[in-house]
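Because the structure is a prediction, the values reported are computed rather than measured.
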Amino acid sequence: MKDLKVVFMGTPDFSVPVLQGLIDTCNVIGVVTQPDKEVGRKKEIEFSPIKKLAIANNIKVLQPEKIRTDFQCVLDLNPDIIITCAYGQIIPVEILEYPKYKCINVHASLLPKYRGGAPIHRAIINGEKETGITIMYMAPGMDDGDIISQEKISIGENETVGELHDKLSIMGKELLLKTLPSIIDGTNERIKQDETKVSLAKIIKKEDEVIDFNDSAINVHNKIRGLSPFPGGYALLEDKRVKFYKSKVEKTNIAALPGTIVKVDKTGMYVKTNDELVVIEELKIEGKKRLTIQDLLNGMNKEELLNKIFRKE
RNA sequence: CGCGGGAUGGAGCAGUUUGGUAGCUCGUCGGGCUCAUAACCCGAAGGUCAAAGGUUCAAAUCCUUUUCCCGCAA
């Protein structure tokens with residue numbers, strides 16, 4: 001496959017291993033990624049992870065504002081195949097139909113479940129026991145093309161979205177490289193998605209990051225790990241925003257208002273929900289660094305925390 | 001120059017308002033107790049208080065500048 005002319009379209013960290021895999025095995029003639037944005041406190045311009053990798057490998061980088069209209073530059077590269085992975089824009093049909101071997105997408109869910117922009121987050125938040133990677137032909141709609149191959153992975157009870165993200169990212173690369181030869185020689189499968197089983201994984205918005213302890217412990221726990229380490233689920237404690245990073249569920253018969261800190265020791269901060277307890281093991285208080293509860297207690301008395309109540313906005 | 005918080009032994013913090021010998025909770029190392037321990041007791045090491053400059057008899061503390069970290073907003 002060394003002479004296969006590939007154009008890769010992607011943006012975030014998730015797509016980095018996939019691009020690296022293609023660089024190692026194919027002739028990547030160009031990379032398309034989102035335009036540079038001002039990022040962070042100082043509004044410094046930062047290149048996307050994919051752009052950085054492309055530059056390091058002397059690969060041409062294209063960053064059209066709107067791929068829907070600015071697609072000619074991609075066609076001009078005259079690729080044999082286009083591979084996309086978390087690019088971030090809808091790709092117009094002019095591009096999809098152009099390459100000899102069409103456009104192939106690497107998606108982080110078992111389609112038709114979790115179509116959309118945040119499949120890993122949503123799978124964990126919803127308490128799924130398994131998810132996976134889908135390699136598919138792209139179609140004009142959102143993640144609705146025909147499936148070529150899939151691979152499953154189970155989700156651990158306390159696994160965070162960060163941990164799962166990294167595993168799926170590697171799995172995406174491996175499944176793509178395994179599947180690619182069959183696409184080139186035309187022996188691949190091509191399965192239509194079952195439209196009756198479609199679900200959507202909408203991107204995470206501000207209001208999705210609020211942790212409401214007036215919910216079941218398992219839901220709170222799933223939301224915390226489904227947002228950890230980024231963007232981080234939070235609640236307010238005495239006007240300070242506290243983000244949660246690690247947690248687990250523990251049964252209790254203690255009666256207390258949802259959100260109350262009923263116990264604190266070096267193993268964690270035990271917070272009541274509307275049924276059981278959620279044990280917070282790692283958090284970050286506004287203005288501070290991310291800390292384990294043991295580190296937090298080294299710097300403050302546990303009585304300062306006991307019986308305080310977390311609330312939402 | 002978008003707004004705000006922060007930087008103090010390896011970790012987390014107090015001390016800064018009102019300048020005057022570097023403190024707490026842990027960790028580490030050594031010893032003791034114990035059937036044993038993440039428990040308890042005794043002891044030790046480890047910090048030019050982010051950096052530079054200034055004020056002062058004297059600066060972690062007051063003034064100026066810089067760097068890095070965190071939250072918000074984009």
For nucleotides [N] and [M], find the distance between their [atom1] atoms and express it as a whole number of Å.
| N | M | atom1 | value |
| --- | --- | --- | --- |
| G15(B) | A22(B) | C1' | 9 Å |
| C49(B) | A59(B) | P | 11 Å |
| A45(B) | U56(B) | P | 37 Å |
| U64(B) | C26(B) | P | 39 Å |
| C13(B) | A50(B) | P | 14 Å |
| U8(B) | C68(B) | C1' | 16 Å |
| G46(B) | G6(B) | P | 31 Å |
| U37(B) | G5(B) | P | 49 Å |

Atom [atom1] of [X] to atom [atom2] of [N]: distance rounded to whole Å?
| X | N | atom1 | atom2 | value |
| --- | --- | --- | --- | --- |
| M300(A) | A14(B) | CE | P | 10 Å |
| L283(A) | G71(B) | CG | C1' | 14 Å |
| F230(A) | C72(B) | CZ | C1' | 13 Å |
| E209(A) | A73(B) | CD | C1' | 13 Å |
| N301(A) | C26(B) | CG | P | 11 Å |
| R241(A) | C70(B) | CZ | P | 16 Å |
| R290(A) | A11(B) | CZ | C1' | 15 Å |
| K240(A) | C72(B) | NZ | P | 14 Å |

**Matching residue for N158(A) among E163(A), H221(A), R225(A) - test: side-chain hydrogen bond (donor to acceptor under 3.5 Å, both in side chains)** =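 Per the side-chain hydrogen bond (donor to acceptor under 3.5 Å, both in side chains) rule, the option paired with N158(A) is H221(A), out of E163(A), H221(A), R225(A).
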For the side chain of [X], counting heavy atoms from C-beta on, which of [options] is nearest?
| X | options | result |
| --- | --- | --- |
| K206(A) | A73(B), A39(B), G71(B) | A73(B) |
| K266(A) | C13(B), A38(B), G71(B) | A38(B) |
| K284(A) | C72(B), A38(B), C70(B) | C70(B) |
| N298(A) | A39(B), C26(B), A73(B) | C26(B) |

**Item:** Cation-pi, Y270(A) ring and K263(A) (6.0 angstrom, 45 degrees)
**Value:**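 Relative to the ring axis of Y270(A), which defines the angle, K263(A) lies inside both limits.
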Subject >> Quiz item: cation-pi between R122(A) and Y114(A), 6.0 Å / 45° >> reply: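 No, cation not above the ring by the 6.0 Å, 45° rule.
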Mate of [N] where both pairing distances stay under 3.5 Å, Watson-Crick or G-U:
| N | result |
| --- | --- |
| C72(B) | G2(B) |
| G12(B) | C24(B) |
| C40(B) | G32(B) |

Contact class for D295(A) vs. all strands (heavy atom < 4.0 Å): base, sugar-phosphate, or nothing?
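Counting heavy atoms under 4.0 Å across all strands, the contact made by D295(A) is with sugar-phosphate only.
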- Task: Look at the side chain of N57(A) and the backbone N and O of I59(A), then say whether any donor-acceptor pair between them is shorter than 3.5 Å.
- Result: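 Answer holds: no.
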>> Tell me whether E97(A) contacts the main-chain N or O of E94(A) through its side chain, where contact means a donor paired with an acceptor under 3.5 Å.
In response: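 Pair absent, no side-chain N/O of E97(A) close to backbone of E94(A).
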Problem - Y87(A) ring center within less than 6.0 Å of F14(A) ring center - result: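 Judged by ring-centre distance (under 6.0 Å), F14(A) and Y87(A) do not meet the cut-off.
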Compute the ring centroids of F310(A) and F244(A), then answer whether they are less than 6.0 Å apart.
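Ring centres of F244(A) and F310(A) closer than 6.0 Å.
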Q) Given that L291(A) and L297(A) both sit by RNA chain B, which one's nearest nucleotide is further toward the 5' end? A)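 The residue closer to the strand's 5' end, by nearest nucleotide, is L291(A).
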Would you say [X] reaches [N]'s phosphate, i.e. side-chain N/O to OP1/OP2 under 4.0 Å?
| X | N | result |
| --- | --- | --- |
| K37(A) | A74(B) | no |
| K243(A) | C70(B) | no |
| K289(A) | C13(B) | no |

